[in-house]
Amino acid sequence: MPGPARCTKAPVHDGGLRLGYACVNPGLPSSGRTVRLANATPDRLRELVAANLDALDAILRWNAEHGIEVFRVTSNLIPFGSHPVNRIAWWDEFGDRFAEIGARAGRLSTHPGQYTVLSSVNASIVGAAVAELEYHNRLLEAFELGPSHKIVLHVGSTDRFEANFARLSEGTRSRLVLENDERQPLSDVLPLANRLGVPVVFDVFHHRLAPSFDGLSIRELVQLIGETWRKIDGRQKIHFSTQAPGKRPGAHADTIDLEVFGELVEQVGDLPLDCMPEVKDKERSVMRAKASLAKPIPLIDERR
DNA sequence: CCGCGTCAAGTTCAT
DNA sequence: ATGAACTTGACGCGG
């Protein structure tokens, strides 16, 4: 059968939603094993990197078997990846292994956590944030993946973010994507992203907690934000989740709400998007969502 | 061998 | 000023 070998399975909805998940597949070994700082010797770090790469490989194989092409790699893949205690040239020592895994990977991304604050008032924290982002870039480079494999980051103070953005390497800047959150509306993030020339990940749930662009539909917002995504950036990415009942406003529900997801699909299901449900049950939500996509969407309107 | 206190890191909010 | 939450699993000490 001629044609691209990668796409023989699963009728890829090229004009529609692809789904992925973040960091962990609960049924498989962790790809983020670590060690206490005090015990972080070069040899122990090497063991963990090797084990984490094996675990990631297994997850990505599982994903491929299940038609999942989008995945967020854990920041802990390399323990202490941006910390001075880690002196090993992991990108070099494990270069072949990275390349092998990267060649089979679909669309990868990373998402530095709460401690990475590029817009901090504290210079040493900015320095650590720069180091962390450079680590993430080096990680994606090690897989030999191009700039469509993104690093997703929250913003904080837009002024300081803009100033400190200039400290990042060109490679890192080319992968950076900004995300709106429950405190920072799109109306803050989008102008900044346009000034910096980087794309925006639309977090649909958090947009509802910090609304802006009043009057625009979700579809119109996705299309507006879509203008920040250029060809080199690959498919536009969005995040989807719903409120966890009884938890703090903004907390992600444990599993995907297929009814609310169905409403999203009604609006943007025909657009070429990579969508990541942010949920605890990870690949299970993705499989449920995929199953719901395969069926005709029930459009019985009970709202009247 | 297992249970459970603790773990690199920042920020914000409550007390 | 101090501590918990965020979010989360996994490390590894101590019994």
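Just so it is clear, the values below take in all heavy atoms, side chains as well, and ignore hydrogens, waters and symmetry mates. The sequence lines fix the lettering, A, B, ..., with proteins before strands; numbering per chain opens at 1. None of the values given here were measured: they were computed from a predicted structure.
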Using heavy atoms and a sub-4.0 Å distance, could you list which residues of residues 122-141 of chain A are near DNA chain B? By number, please.
Ile125(A)
Count the heavy atoms of every other residue, nucleotide or ligand shown that sit under 6.0 Å from CZ of Arg230(A), and state whether that count exceeds 12.
no
Does Arg46(A) CZ have over 12 foreign heavy atoms under 6.0 Å away?
yes
Given atom [atom1] of [X] and atom [atom2] of [N], what is their separation to the nearest angstrom?
X         : N       : atom1 : atom2 : answer
Leu45(A)  : dA8(B)  : CG    : P     : 12 Å
Tyr115(A) : dT12(B) : OH    : C1'   : 13 Å
Asp181(A) : dC6(C)  : CG    : C1'   : 12 Å
Gln114(A) : dC6(C)  : CD    : P     : 11 Å
Gln184(A) : dT12(B) : CD    : C1'   : 14 Å
Leu48(A)  : dC11(C) : CG    : C1'   : 10 Å
Arg183(A) : dA5(C)  : CZ    : P     : 17 Å

Is there a side-chain polar atom (N or O) of [X] under 4.0 Å from OP1 or OP2 of [N]?
X        : N       : value
Arg36(A) : dT6(B)  : no
Asn39(A) : dC11(C) : no
Thr34(A) : dC11(C) : no

Side chains of [X] and [Y], heavy atoms from C-beta outward: is any pair under 4.5 Å?
X         : Y         : value
Val200(A) : Leu186(A) : yes
Thr255(A) : Lys280(A) : no
Phe71(A)  : Val286(A) : no

Just one of Val201(A), Ile225(A), Asp274(A) clears the side chain to side chain contact (heavy atoms under 4.5 Å, CB included) bar with Gln236(A), so which one?
Ile225(A)
Mind checking if Thr116(A) touches a base, just sugar-phosphate, or nothing, with heavy atoms under 4.0 Å?
nothing
Per the 3.5 Å Watson-Crick/G-U criterion and a run length of at least three, the stems involving DNA chain B are B:1-7 with C:9-15, B:10-15 with C:1-6
Sub-6.0 Å ring centroid separation between Phe202(A) and His207(A)
yes
Same apolar cluster: Met276(A) and Trp62(A), side chain cutoff 4.5 Å
no
